[in-house]
Amino acid sequence: MGLQIDIAAIVANWKALAAKAPTARAAAVVKADGYGLGAAKVVPALYEAGARDFFVALANEGQAIRASLPDDATINVLSGHMEGADLEGLVPVINNPEQFFRDRAMRPEKPFAIQLDSGMNRLGMEAAEWAGIRDEALAAGPAFIMSHLACADEPEHPANALQLKAFREMTEGVGVPLSLAATGGILLGPDFHFDMVRPGVGLYGGMPFADAKPVVRLSLPVIQTREVQAGEIVGYGATWTADSPRRVATVAAGYADGILRMLSSSGASLYADGKACPIVGRVSMDLVTADVTHLDEIPAELELICPEQPIDAVAGYAGTIGYEILTSLRHRYKRAYL
Ligand SMILES: *Cc1c(COP(=O)(O)O)cnc(C)c1O
């Protein structure tokens, strides 16, 4: 089965998030190849469902999906107008005055948008920069003005209210559509929704959208099973020693496929029809070993990502977030789209 990606679940998650912000347009963030799941499959399905506003990180990601979308869909580029970028058919989200002047000089009639920094200090214009070009920028007619929240996945974090206040102050009276919320911001409630919301990870089944439908299932073919005697070791570095006779299965995927090496003896398991088989020893480049002693029968495949161990659970064992698990899944898997 390999990597199974449920496109209908992505569409359902998009609709569910859109319904939580009924006064806003729901865009779809499809950067990093649709969070690793395949923008070429995800984007047309979301368009079909009604999405018209797409976000990518880089111009070349935008070009990769432009031809698959009708003209009434906009593709917004979060890195803005970088020197040398091919922005034909795309909308750069301008991040600083330098980008603004470059963009207006080179594409005077073409659409653009603006990102303001409301406190995250990553992308976007600071209040003083914005004040300096605000009149000229507004006269040029930006498609929308956006900002991004640093702590939206922590509803109680004081940065949320501070950023909301800063964004409101910077955009007072602009008369242009506004956008602040990604997945986490949608869940913070209507104050954060403005005119457009930009869900990403929630579409793909990740936290903080706890009600997301699972999108990804990952099963790994068993190559070999062996009996290991008490005292024998398994894997590189001999980090695991059998304390009693065990049966160990070796599956055909490893850290080169995005099964992070941090999952070695981390408590993470491979699953056989819902039964946990703890990963033992080190994850190697192309192989993972799991303790299957308690199984009556060894299935042809064991699952790493499944309802019993969704992406955020895998992420927890690896000390990371669901986003990184998704975007680490590589192209060696046989992919099946539902
Ligand atoms: C990645 C990103 C999003 C989507 O964020 P999620 O947390 O995945 O929903 C929205 N806006 C910006 C600016 C982003 O960089």
Side-chain angles (χ1 to χ4, degrees), residues 10 13-18 20-21 24-37 39 42-43 46 51 53-59 61-62 74-82 90-96 99 112-125 142-155 157 159-160 163-164 166-167 171 177-189 192-213 215-216 311-312 315 320-329:
I10 295 175
N13 289 335
W14 181 77
K15 288 183 174 166
L17 286 165
K20 289 186 186 295
R25 283 169 80 91
V29 180
V30 297
K31 61 196 181 190
D33 196 27
Y35 287 47
L37 300 186
V42 169
V43 163
L46 289 172
D53 308 276
F54 295 86
F55 283 84
V56 292
L58 302 172
E61 295 182 311
T74 57
I75 302 170
N76 304 292
V77 179
L78 290 165
S79 55
H81 191 149
M82 304 274 282
L90 310 178
V91 179
V93 182
I94 299 299
N95 286 300
N96 59 23
Q99 286 199 347
F112 71 101
I114 285 177
Q115 171 146 216
L116 302 178
D117 175 41
S118 54
M120 187 179 185
N121 286 304
R122 186 180 69 168
L123 283 179
M125 295 188 216
F144 59 88
I145 299 176
M146 60 169 273
S147 189
H148 193 52
L149 297 167
C151 306
D153 57 341
E154 297 174 58
H157 201 292
N160 294 319
Q163 287 197 258
L164 177 61
F167 186 59
T171 55
L178 301 176
S179 177
L180 180 61
T183 302
I186 293 172
L187 303 174
L188 292 179
F192 290 83
H193 294 166
F194 294 92
D195 303 300
M196 177 167 63
V197 292
R198 310 184 308 272
V201 75
L203 309 179
Y204 309 102
M207 289 296 280
F209 185 27
D211 298 334
K213 278 194 197 307
V215 168
V216 173
I311 51 173
D312 286 283
T320 183
I321 52 177
Y323 300 69
E324 191 177 14
I325 298 299
L326 286 174
T327 55
S328 297
L329 299 170

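Because the structure is predicted, anything quoted here is derived from the model rather than measured. In each ligand, atom 1 is the first atom listed, and ligand 1 is the first ligand listed. Side-chain atoms are counted along with the backbone in the values below, which use heavy atoms only and exclude waters and symmetry mates.
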Could you go through ligand 1 and list every pair where one of its N or O atoms sits under 3.5 Å from a protein N or O, giving the atom names and the distance to one decimal?
unit_1: ligand 1; atom_1: 7 (O); unit_2: Y323; atom_2: OH; d: 2.6
unit_1: ligand 1; atom_1: 8 (O); unit_2: Y35; atom_2: OH; d: 2.5
unit_1: ligand 1; atom_1: 8 (O); unit_2: V201; atom_2: N; d: 2.7
unit_1: ligand 1; atom_1: 9 (O); unit_2: T183; atom_2: N; d: 2.9
unit_1: ligand 1; atom_1: 9 (O); unit_2: T183; atom_2: OG1; d: 2.5
unit_1: ligand 1; atom_1: 9 (O); unit_2: G200; atom_2: N; d: 2.8
unit_1: ligand 1; atom_1: 9 (O); unit_2: V201; atom_2: N; d: 3.4
unit_1: ligand 1; atom_1: 11 (N); unit_2: H148; atom_2: ND1; d: 3.4
unit_1: ligand 1; atom_1: 11 (N); unit_2: R198; atom_2: NE; d: 3.0
unit_1: ligand 1; atom_1: 11 (N); unit_2: R198; atom_2: NH2; d: 3.2
unit_1: ligand 1; atom_1: 15 (O); unit_2: K31; atom_2: NZ; d: 2.7
unit_1: ligand 1; atom_1: 15 (O); unit_2: R122; atom_2: NH2; d: 3.3

Report all side-chain donor-acceptor pairs from residues 25-33 shorter than 3.5 Å, counting only partners two or more places apart or in another chain.
unit_1: R25; atom_1: NE; unit_2: D53; atom_2: OD2; d: 2.9
unit_1: R25; atom_1: NH2; unit_2: D53; atom_2: OD2; d: 3.0
unit_1: D33; atom_1: OD1; unit_2: A39; atom_2: N; d: 2.8

N13 side-chain N/O to L203 backbone N/O, donor-acceptor pair under 3.5 Å: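 Present.
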Whether S118 side chain and A166 backbone form a donor-acceptor pair below 3.5 Å: no
For the student: nearest non-hydrogen atoms of L187 and P208, plus distance: CD1-O, 3.3 Å
Counterpart residues, ring-ring contact (aromatic ring centres under 6.0 Å, His included), relative to Y204 (two or more places apart):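 Expected list: Y35.
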Qualifying residues under ring-ring contact (aromatic ring centres under 6.0 Å, His included), relative to F192, sequence neighbours excluded: none
